[in-house]
Peer 1: 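Handing you this structure, nothing more for now.
Residue numbers begin at 1 in each chain, while the letters A, B, ... track the order of the sequences.
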2 protein chains.
Amino acid sequence: MSNLAYEVLKRNQLSVTESRKQILELFYERNNALEHNDIERITGEKFDRVTIYRTLQTFVEKGIIHTIPTADNSVRYALCKDECTEGHHHDNHIHFICNQCSTTYCLEAVSVPEVLLPKGFQPQLIEVVVSGKCKNC
Amino acid sequence: MSNLAYEVLKRNQLSVTESRKQILELFYERNNALEHNDIERITGEKFDRVTIYRTLQTFVEKGIIHTIPTADNSVRYALCKDECTEGHHHDNHIHFICNQCSTTYCLEAVSVPEVLLPKGFQPQLIEVVVSGKCKNC
DNA sequence: AAAATTTTGCAACTTTGTTGCAAACTCTTA
DNA sequence: TAAGAGTTTGCAACAAAGTTGCAAAATTTT
Ligand SMILES: [Mn+2]
Ligand SMILES: [Mn+2]
Ligand SMILES: [Zn+2]
Ligand SMILES: [Zn+2]
């Protein structure tokens, strides 16, 4: 819905522009992770590459989307839950990357497991990325 | 020791060349993860950028080193344990990246925790990357 | 020591990401 | 609802990261 994107932008004190609206809508429609490149491809030539970079960066800063670490060096982005706010991400779920269709899922139902670190190491953030075969492959 | 690198290359049926020996020695000396860029910097202008790319790629294929996923999009490499062989990595440890000194550790002592996935998802590889403050910071 | 094989370095190119700036757009306020 | 202030966009130019083909150099085999 066009309205959701609008509301989210407003709530985050962002000017509502065509690029921001459409890129955000894309995330709501697809409901899985996207890379810069996907967005460029899907939106066609509509927005400048630089605009897409800047939009994604803004969304990350505002806590609207988060990045997902991958073994190859691509950067993927996915929607945050509502608890994330400017400068403070509170995502506590793991990620799944399908080796076949390469879809990337946020598995909100699976929370990050405890890990016991050696003496002297103080954890701040734990990222778990599982790869394998997804439910559709 | 120059000899260790030599042996490892031989065991993996790789021709022993200056670049391979020196890059591999670097991993043994430093004993933590390195990125392409580190290697270029440390070895000075001695080897071509392309050679470093190709050497790292070869080492990964042979199971001599493995890559470590990171949230920013840098690619880090670290030595594998002996059980890794051509085409088959058997690393079962987690990684720690220090936010202060940005050193990346393979925590061999900490094994990857179990994760229970939703129905339909079949795990093949689980990557755990913890970031925070390391034992030296 | 020569021949066969592999690796290297170079050049040229692609892809990815960054920056400064004027023009276009969005928001505010009267 | 129109002008002005502020923000965002697209372009150009650049920098960094990664890839490919190929001849020359090095390594391994015979
Ligand atoms: Mn996620
Ligand atoms: Mn490791
Ligand atoms: Zn799949
Ligand atoms: Zn540290």
Peer 1: Is A:Ser15 close enough to D:dT7 that one of its side-chain N or O atoms is under 4.0 Å from OP1 or OP2 there?
Peer 2: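 No, no such contact exists.
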Peer 1: Please report the distance, rounded to the nearest Å, between CD in A:Glu40 and P in C:dT16.
Peer 2: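 In whole Å, C:dT16 P and A:Glu40 CD are 8 Å from each other.
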Peer 1: Side chain of B:Lys10: nearest nucleotide among C:dT16, D:dT28, D:dG10?
Peer 2: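 Closest nucleotide to the B:Lys10 side chain: D:dT28.
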Peer 1: Take atom CG of B:Leu14 and atom P of C:dT5, then tell me their distance rounded to the nearest Å.
Peer 2: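 Interatomic distance, CG of B:Leu14 to P of C:dT5: 18 Å.
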Peer 1: Determine yes or no for a side-chain-to-main-chain donor-acceptor pair under 3.5 angstrom, with B:His93 supplying the side chain and B:Ala109 the backbone.
Peer 2: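 Not at all, since once roles are kept as given, no pair shorter than 3.5 Å links the two residues.
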Peer 1: Measure from the ring center of A:Tyr105 to the ring center of B:Phe121 and say whether it is less than 6.0 Å.
Peer 2: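 Here the rings of B:Phe121 and A:Tyr105 have centres that are less than 6.0 Å from each other.
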Peer 1: Given A:Lys46, which partner from the list A:Gln22, A:Glu40, A:Glu18 fulfils the side-chain hydrogen bond (donor to acceptor under 3.5 Å, both in side chains) test?
Peer 2: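 It is A:Gln22; the other options fail the test.
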Peer 1: OP1 or OP2 of C:dG9 less than 4.0 angstrom from a side-chain nitrogen or oxygen of B:Lys46, does that happen here?
Peer 2: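 For C:dG9, OP1/OP2 do not have a side-chain N/O of B:Lys46 under 4.0 Å.
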Peer 1: At what distance, to the nearest 0.5 angstrom, does CD1 of A:Ile64 lie from CG of A:Leu56?
Peer 2: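 With rounding to 0.5 Å, CD1 (A:Ile64) is 11.0 Å from CG (A:Leu56).
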Peer 1: Side chains of A:Leu9 and A:Phe59: does their closest heavy-atom pair fall under 4.5 Å?
Peer 2: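 Yes, at least one pair of side-chain atoms sits under 4.5 Å.
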Peer 1: Once you round it to whole Å, what is the distance between P of D:dA24 and CG of B:Asp48?
Peer 2: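 B:Asp48 atom CG is separated from D:dA24 atom P by 17 Å.
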Peer 1: Specify the separation, in whole Å, of atom CD of A:Glu35 and atom P of C:dT16.
Peer 2: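 The distance from CD of A:Glu35 to P of C:dT16 comes to 9 Å, rounded to the nearest Å.
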Peer 1: Can you tell me if A:Thr51 touches the phosphate of D:dT8, counting only side-chain N or O atoms and a distance under 4.0 Å to OP1 or OP2?
Peer 2: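 False: A:Thr51 side-chain N/O out of range (4.0 Å or more) of D:dT8 OP1/OP2.
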Peer 1: Grab the NE2-C1' distance between A:His36 and D:dA17 for me, whole Å please.
Peer 2: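 Taking atom C1' of D:dA17 as the reference, NE2 of A:His36 is at 16 Å.
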Peer 1: Round to the nearest Å and state the distance from A:Gln13 atom CD to C:dT26 atom P.
Peer 2: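 Roughly 19 Å, once rounded to whole Å.
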Peer 1: Could a donor-acceptor pair under 3.5 angstrom be found where the side chain of A:Arg54 meets the base of D:dG10?
Peer 2: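 Between D:dG10 and A:Arg54, which were checked side chain against base, a qualifying N/O pair under 3.5 Å is present.
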Peer 1: Between A:Thr17 and C:dT26, is there a side-chain N or O to OP1/OP2 distance below 4.0 Å?
Peer 2: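 Answer no for this pair, as no side-chain N or O of A:Thr17 is under 4.0 Å from OP1 or OP2.
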Peer 1: Nearest to the side chain of A:Tyr53, which nucleotide is it out of C:dT16, D:dG18, D:dT9?
Peer 2: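 Closest nucleotide among those given: C:dT16.
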Peer 1: CG of A:Asp72 versus P of C:dT16: gap in Å, rounded?
Peer 2: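 These atoms are roughly 11 Å apart.
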Peer 1: Assuming nearest nucleotide by heavy-atom distance, tell me which of A:Val16 and A:Asn37 is located more 5' along DNA chain C.
Peer 2: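 So the residue in question is A:Asn37.
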Peer 1: Please report the distance, rounded to the nearest Å, between CG in A:Leu9 and P in D:dT8.
Peer 2: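 Atom CG in A:Leu9 sits about 11 Å away from atom P in D:dT8.
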Peer 1: Any donor-acceptor pair, under 3.5 Å, between the side chain of A:Arg49 and the base of D:dG10, if you only look at N and O atoms?
Peer 2: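 In this structure, the two groups form no donor-acceptor pair.
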Peer 1: Nearest heavy atom decides the nucleotide; on that basis, is A:Glu18 or A:Val50 closer to the 5' end of DNA chain D?
Peer 2: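 Whichever sits nearer the 5' end wins; that is A:Glu18.
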